A.B. asks: 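Structure in C-alpha cells, see below.
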Amino acid sequence: MTAPSPLSSTAVPADRAALRGPDGRPIRVLVVDDEQSLSELVSLALRYEGWEVRSAPDGLSAIAAARDFRPDLVVLDVMLPDIDGLEVLRRLRADIERMPVLFLTAKDDVSDRIAGLTAGGDDYVTKPFSIEELVLRLRALLRRSHLALTTDSSTIVVGDLVLDEDSREVRRGDDLISLTATEFELLRFLMRNPKRVMSKAQILDRVWNYDFGGQANIVELYISYLRKKIDAGREPMIHTMRGFGYVLKPAT
C-alpha cells in the first residue's frame, strides 16, 4: 500500500439521494490542489457521486479551467504554488458570481479560516479530513445555494446490467443476481464509472477504505467473483486492462 494520505477515505452511503443541476445535468465541480494524490482521491470520490469533475494543480490553471468548465462548485486549496486560494477566489467570483467555494487548508488556525470566509468562501475543511465529511459539506453547500435538485432515482444502468441502490437488487437482462455486500460495493463503483479504467489502488481506496491492511490481490479475487456472477454465459462486461486495472462497459 502507498503512504498515508492527508485525508481518510470512507465509503459514500447508498441511501443518499443523487443531486443534479437545475437543468438535470450532472453537478460540475472544480478541484484545485497542487498535491496530486489528494486531488485524485477527491476527484474520484466526487465522480462516485455522479458529478462531473475537473482538477487544476495551481491558481492560474484553475482560473482558466473555471472559465471553460463553468463549475457549480469549487474545492480550493488555500496554499497553491503560484497565487494563493484567496486571490483565486477573487478572480473566479469576478467571472462567476453564484459559485460556492469550499476551502481546503492544512492550517488549523482560526485567523486563516476567518480570512477564507471573509474573502467570500462558503465553507472550509482542515486537512486531514474524511471523504465523507467533504462530500456532505459540498452537498450542503449546493442545497443552501439552490444550485441542485434532488433526484429520486436510485438505479444505475450500464447496458443490460441494472443496479438498484435502494433495494440492492442487481439484474442482468431478466436474471436476478445475488451479490455479497462487498461484491455489491465493487460492482456499484465500477458501474458509477463506466468505460473508465480503474486501477487496483483506486478500487481499494473506494471499496475497502484507503487504510485497508490487505493485499492488492483482494481486488483480483473479487473481480473474479463478480465475473462468475455477472459475465458467466454472457457477453463479458468486466475487462482487465493489463498493467492498468479494470473497466466495466456495455457488452457489444
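Quick caveat: nothing in here was measured; it's all calculated off a predicted structure.
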A.B. asks: Are T105 and M79 close enough that some pair of their side-chain heavy atoms sits under 4.5 Å apart?
C.D. replies: no
A.B. asks: Would you check if the side chain of Q202 reaches a backbone N or O of S199 as a donor-acceptor pair within less than 3.5 Å?
C.D. replies: yes
A.B. asks: In the structure I gave you, are the side-chain heavy atoms of T155 and L163 within less than 4.5 Å of one another anywhere?
C.D. replies: no
A.B. asks: If you define the side chain from C-beta out and look only at heavy atoms, does anything of V53 sit under 4.5 Å from V42?
C.D. replies: no
A.B. asks: Counting distance only, does the side-chain N/O of N217 pair as donor-acceptor with the main-chain N or O of E220 below 3.5 Å?
C.D. replies: no
A.B. asks: Tell me whether R91 contacts the main-chain N or O of I63 through its side chain, where contact means a donor paired with an acceptor under 3.5 Å.
C.D. replies: no
A.B. asks: Looking at R28, is its backbone amide N or carbonyl O close enough to the side chain of D72 to form a donor-acceptor pair, meaning the two atoms are under 3.5 Å apart?
C.D. replies: yes
A.B. asks: Taking the side chain as C-beta and beyond, is there a heavy-atom pair between Y246 and K200 under 4.5 Å?
C.D. replies: yes
A.B. asks: Do the non-hydrogen side-chain atoms of L73 and V75 ever get within less than 4.5 Å of each other?
C.D. replies: no
A.B. asks: Could you tell me if the side chain of R93 sits less than 4.5 Å from the side chain of V101, heavy atoms only?
C.D. replies: yes
A.B. asks: Do Y225 and V247 sit in one hydrophobic cluster, given that two such residues count as connected whenever their side-chain heavy atoms are within less than 4.5 Å of each other, even indirectly?
C.D. replies: no
A.B. asks: Mark yes or no for whether R172, through its side chain, and L161, through its backbone, hold a donor-acceptor pair below 3.5 Å.
C.D. replies: no
A.B. asks: Are the side chain of N193 and the backbone of F189 linked by a donor-acceptor contact shorter than 3.5 Å?
C.D. replies: yes
A.B. asks: Are L176 and F184 grouped together when hydrophobic residues (ILVMFWY) are joined by side-chain heavy atoms under 4.5 angstrom apart?
C.D. replies: no
A.B. asks: Quick one: salt bridge (charged side-chain N to carboxylate O under 4.0 Å, His left out) partners of E183, sequence neighbours excluded?
C.D. replies: K229
A.B. asks: Between D33 (side chain only) and D77 (backbone N and O only), is there a donor and an acceptor less than 3.5 Å apart?
C.D. replies: no
A.B. asks: Quick one: closest heavy-atom pair of G59 and I83, and the distance?
C.D. replies: CA-CG1, 3.9 Å
A.B. asks: Quick one, D58 and V88 - any side-chain contact, counting heavy atoms below 4.5 Å?
C.D. replies: no
A.B. asks: Measure the shortest side-chain to side-chain distance between D84 and L80 over non-hydrogen atoms and say whether it is less than 4.5 angstrom.
C.D. replies: no
A.B. asks: Charged N to carboxylate O below 4.0 Å: is that the case for R234 and D175?
C.D. replies: yes
A.B. asks: In this structure, would Y48 and V197 fall into the same cluster of hydrophobic residues linked by side-chain contacts under 4.5 Å?
C.D. replies: no
A.B. asks: Of all heavy-atom pairs between S55 and S39, which one has the smallest distance, and what is that distance?
C.D. replies: CB-OG, 3.5 Å
A.B. asks: Do side-chain atoms of D82 reach the backbone of L60 as a donor and acceptor pair under 3.5 angstrom?
C.D. replies: yes
A.B. asks: Look at the side chain of R171 and the backbone N and O of I177, then say whether any donor-acceptor pair between them is shorter than 3.5 Å.
C.D. replies: no
A.B. asks: For R67, give me all partners under side-chain hydrogen bond (donor to acceptor under 3.5 Å, both in side chains), at least two apart in sequence or on another chain.
C.D. replies: D95
A.B. asks: Consider side chain to side chain contact (heavy atoms under 4.5 Å, CB included). Of V32, L76, V74, which one does L89 pass it with?
C.D. replies: L76
A.B. asks: Does one hydrophobic cluster hold both L248 and V162, with members joined at side-chain heavy-atom distances below 4.5 Å?
C.D. replies: no
A.B. asks: Tell me whether V157 shares a hydrophobic cluster with L190, the cluster being built from Ile, Leu, Val, Met, Phe, Trp, Tyr side chains joined at under 4.5 Å.
C.D. replies: no
A.B. asks: If you count heavy atoms of other groups shown closer than 6.0 angstrom to CD of Q36, is the number above 12?
C.D. replies: no
A.B. asks: Could you check whether any side-chain N or O of D231 sits under 3.5 Å from a backbone N or O of I238, counting only pairs where one atom can act as donor and the other as acceptor?
C.D. replies: yes
A.B. asks: At their closest point, which heavy atom of M237 faces which heavy atom of P250, and how far apart are they?
C.D. replies: CE-CA, 4.0 Å
A.B. asks: Within the 3.5 Å criterion, strictly below it, is a donor on R54 or S61 matched to an acceptor on the partner's side chain?
C.D. replies: no
A.B. asks: Just to verify, what does R196 make a side-chain hydrogen bond (donor to acceptor under 3.5 Å, both in side chains) with, not counting sequence neighbours?
C.D. replies: none
A.B. asks: Does a donor on one side chain sit under 3.5 Å from an acceptor on the other, for R137 and Y124?
C.D. replies: no
A.B. asks: Any salt bridge linking E185 with R168? Criterion: basic side-chain nitrogen under 4.0 Å from a carboxylate oxygen.
C.D. replies: yes
